[in-house]
Peer 1: 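Take a look at the following structure, please.
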Protein chains: 2
Amino acid sequence: MIRNECRHCSVKSKAAKKLKDAETESLSFNCALTSFKKGHVLIKQGMLSTNVVYLRSGLIKLHIEGPYGDQIVRIVKAPGYLGLPTTFGDKINQYSITAIDEVEACFIDITTFRNLLYSNPDFSYEIIIDICRNELEIYNRCVNRSQKQIRGKIADVILEMAGPIYDSDSFTLPISQEEIGNLIDSSRESVSRILAEFEKDKIISVSGKKIEIKKRESLLMISAKG
Amino acid sequence: MIRNECRHCSVKSKAAKKLKDAETESLSFNCALTSFKKGHVLIKQGMLSTNVVYLRSGLIKLHIEGPYGDQIVRIVKAPGYLGLPTTFGDKINQYSITAIDEVEACFIDITTFRNLLYSNPDFSYEIIIDICRNELEIYNRCVNRSQKQIRGKIADVILEMAGPIYDSDSFTLPISQEEIGNLIDSSRESVSRILAEFEKDKIISVSGKKIEIKKRESLLMISAKG
DNA sequence: TAAAAAGTGTGATCCAGATCACAAACTTAC
DNA sequence: GTAAGTTTGTGATCTGGATCACACTTTTTA
């Protein structure tokens, strides 16, 4: 399963540029870049964790088992770090991370990760920026989830898949309709009905899990009007 | 309005201990600790921001104007930093921060704040821990908001007020019923009805905005069963 | 301290979307 | 390739909570 060794795989962009300076030593570590297939659980809610996950490629879902079943909080695309909160708090994972696509990732020991943060301000800075972005994303998602109705939320999911996630108007849904329901707080049946409706209105075409956007403007309108 | 000068007011706990060492210089800055009264807007959605806010004391609400009105994302108690995302992203505030209590805060220039992060790993580390905690909080809030029904959500609000926020079974609600609605995604009328119900069942006693918890176990039960 | 504005209580009505109940299609596994 | 499991489609019914409507109370303002 292991594909190759991934030296400094976590140190990218600005931080990476500084690898030549005095701090190089403390930034060096090896981690095994491993690939996992769809469905693999990288982080399991309720379990003790001693690693941060660096997601090199692929898609994951961050989901929480709530009082009434599983809820997908968000879908995250590589690259990025996962499981940071556990690095600091009580180390029991508060959520699960599951691959919803073929995924490449490596596990970085918490201590190594902490040293990295301490020894490299650029790295810390990047992490902070990253988490802040997440924070904004989740705030907006919260507002959308509660203020829009199903049609608008499904339009959003489709646009997000086409846009940030797959970068194409034609893509294969990486999750089931039930999971879409868990992502937008609605039932499997409603998702099915709305998708059928969109298809009937020639806004999208559906064949199995393949979706193609036919009228992007319509989706944008539906998304905007709540 | 200015109460006093607040040297190093942002550098607390571990980071503060290191003030004597070589990095002291870069950590030194003055900021005016100011007090604001209830309703004062510290950060305004849509406006350009060049400051991070350090909240020294008091309570604020973080709220977002969505497609269908204002939604309170969360209520935050001092101490802590506010408005971090704006420090990095496009500098346009994505949300508003409004005092819902008498509040003491100071504004730290973004550049100063960045230097602080760069020059002090302990400080960066604390900030990361802090943001991670927020992240978890907001994830859980998301799940609760969508999986529980009104009774459960109101029970949660009351318990949160009594617990983390005021540390007493008897407190004065810092927000209106309408705002509680905006916090838990429900209407003003429903909040009113549920509070009346709780009072009738002798779970709480209400007089104006004063609330006293009579049967904490009942609230916990209501919260738990969704 | 009176008038205006903001906040609250409570009934009556309505509706988006959940839930139920099956049938059909698609995926795995042996 | 057939049986078992999983995912989807679609009607019929039900319901939590929104919305409307209006009286009452508390707070703010001038």
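Naming convention: chains lettered A, B, ... in sequence-line order (proteins, then strands); numbering from 1 in each chain. Model, not experiment: these values are computed from the prediction. Below, all heavy atoms of this structure are taken into account, side chains as well, without hydrogens, waters or symmetry copies.
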Peer 1: Name the residue from B:Glu137, B:Glu135, B:Glu160 that meets the salt bridge (Lys or Arg N to Asp or Glu O under 4.0 Å) definition with B:Arg74.
Peer 2: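 Of all the options given, the one that passes is B:Glu137.
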Peer 1: For residues 209-221 of chain A, which side-chain N or O atoms pair as donor and acceptor with protein atoms under 3.5 Å away, sequence neighbours left out?
Peer 2:
{"unit_1": "A:Lys215", "atom_1": "NZ", "unit_2": "A:Asp201", "atom_2": "O", "d": "3.4"}
{"unit_1": "A:Arg216", "atom_1": "NH2", "unit_2": "A:Asp169", "atom_2": "OD1", "d": "2.8"}

Peer 1: In whole angstrom, what separates B:Lys210's NZ from D:dT26's C1'?
Peer 2: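 Whole-Å distance recorded here is 17 Å.
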Peer 1: Taking the side chain as every heavy atom from C-beta outward, state whether A:Val206 and A:Phe198 have any atom pair closer than 4.5 Å.
Peer 2: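 Side-chain contact under 4.5 Å: no.
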Peer 1: Quickly work out the A:Glu178 CD to D:dG9 P distance and round it to whole Å.
Peer 2: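 From A:Glu178 CD to D:dG9 P: 13 Å.
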Peer 1: Can you find a side chain N or O atom of A:Gln177 that sits less than 4.0 Å from OP1 or OP2 on D:dT6?
Peer 2: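 No, because none of the side-chain N or O atoms of A:Gln177 sits under 4.0 Å from OP1 or OP2 of D:dT6.
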Peer 1: Would you sort out whether B:Tyr95 and A:Leu136 count as a side chain to side chain contact (heavy atoms under 4.5 Å, CB included), showing the intermediate values?
Peer 2: CA-CA 9 Å; B:Tyr95 51 73; A:Leu136 285 185; 3.7 Å; yes
Peer 1: Under a 4.0 Å heavy-atom cut-off, which of residues 181-191 of chain B touch DNA chain C?
Peer 2: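 Contacting residues: B:Arg188, B:Glu189.
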Peer 1: What contact category does A:Ser176 fall into here, base, sugar-phosphate, or nothing, at under 4.0 angstrom with non-hydrogen atoms?
Peer 2: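 Here A:Ser176 touches the backbone only, sparing every base.
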Peer 1: What's the verdict on side chain to side chain contact (heavy atoms under 4.5 Å, CB included) for A:Ile72 and A:Ile75, showing C-alpha distance, side-chain angles and the deciding distance?
Peer 2: CA-CA 8 Å; A:Ile72 300 182; A:Ile75 288 179; 4.3 Å; yes
Peer 1: Kindly indicate, with the supporting measurements, whether the criterion side chain to side chain contact (heavy atoms under 4.5 Å, CB included) is fulfilled by B:Ile138 and B:Val73.
Peer 2: CA-CA 8 Å; B:Ile138 196 74; B:Val73 177; 3.5 Å; yes
Peer 1: Would you mind telling me which residue lines up with the more 5' stretch of DNA chain D, B:Ile194 or A:Arg193, judged by nearest nucleotide?
Peer 2: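 First, find each residue's nearest nucleotide; the 5'-ward one identifies A:Arg193.
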Peer 1: Expressed in angstrom and rounded to an integer, what is the separation of A:Ile175 atom CD1 from D:dT8 atom C1'?
Peer 2: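 Result: 15 Å.
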Peer 1: What closest approach, in Å, do A:Ser49 and A:Thr86 show between heavy atoms, and which atom pair accounts for it?
Peer 2: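 Heavy atoms of A:Ser49 and A:Thr86 come nearest at CB-CG2, 3.5 Å.
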Peer 1: Let me know the distance between CD of B:Gln149 and C1' of D:dT15, rounded to the nearest Å.
Peer 2: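 From B:Gln149 CD to D:dT15 C1': 10 Å.
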Peer 1: Any residue in residues 196-206 of chain B with a heavy atom nearer than 4.0 angstrom to DNA chain D? Just list them by number, or reply none.
Peer 2: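 Heavy-atom contacts with DNA chain D come from no residue of residues 196-206 of chain B; none.
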Peer 1: If we only count heavy atoms from C-beta on, is the A:Ser35 to A:Glu102 side-chain gap below 4.5 Å?
Peer 2: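 Yes - at least one pair of side-chain heavy atoms lies under 4.5 Å apart.
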Peer 1: Please walk me through it: do B:Tyr139 and A:Ile64 pass side chain to side chain contact (heavy atoms under 4.5 Å, CB included)?
Peer 2: CA-CA 8 Å; B:Tyr139 288 167; A:Ile64 293 181; 3.7 Å; yes
Peer 1: Kindly compute the distance separating CD1 (B:Ile154) from NZ (B:Lys148), expressed to the nearest 0.5 Å.
Peer 2: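 If we round to the nearest 0.5 Å, B:Ile154:CD1 and B:Lys148:NZ are 12.5 Å apart.
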Peer 1: Is any side-chain N or O of A:Lys209 closer than 4.0 Å to OP1 or OP2 of D:dT7?
Peer 2: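 Answer no for this pair, as no side-chain N or O of A:Lys209 is under 4.0 Å from OP1 or OP2.
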Peer 1: Just how large is the angle between the end axes of the helix from C:dT1-D:dA30 to C:dC30-D:dG1, five pairs per end, to 10 degrees?
Peer 2: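 Here the helix ends are tilted 60° relative to one another.
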Peer 1: Heavy atoms of chain B, cut-off under 4.0 Å: which first and last nucleotide of DNA chain C, 5' to 3', fall inside that, if you could look?
Peer 2: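 Contact boundaries, 5' end first: C:dG7 to C:dA12.
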Peer 1: Tell me which pairs pass side chain to side chain donor-acceptor pair (under 3.5 Å) where either residue lies in residues 58-72 of chain A, with sequence neighbours left out.
Peer 2: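 Passing the test, one end in residues 58-72 of chain A: A:Lys61-A:Glu179, A:His63-A:Asp70, A:His63-A:Thr98, A:Gln71-A:Asp185, A:Gln71-B:Ser146.
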Peer 1: Between B:Tyr54 and B:Phe107, does the ring centre distance come in under 6.0 Å?
Peer 2: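 When the ring centroids of B:Tyr54 and B:Phe107 are compared, they turn out to be at least 6.0 Å apart.
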Peer 1: First locate atom CD1 of B:Ile184, then atom CD1 of B:Ile194, and finally report the distance between them rounded to the nearest 0.5 Å.
Peer 2: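 One gets 8.0 Å once the value is rounded to the nearest 0.5 Å.
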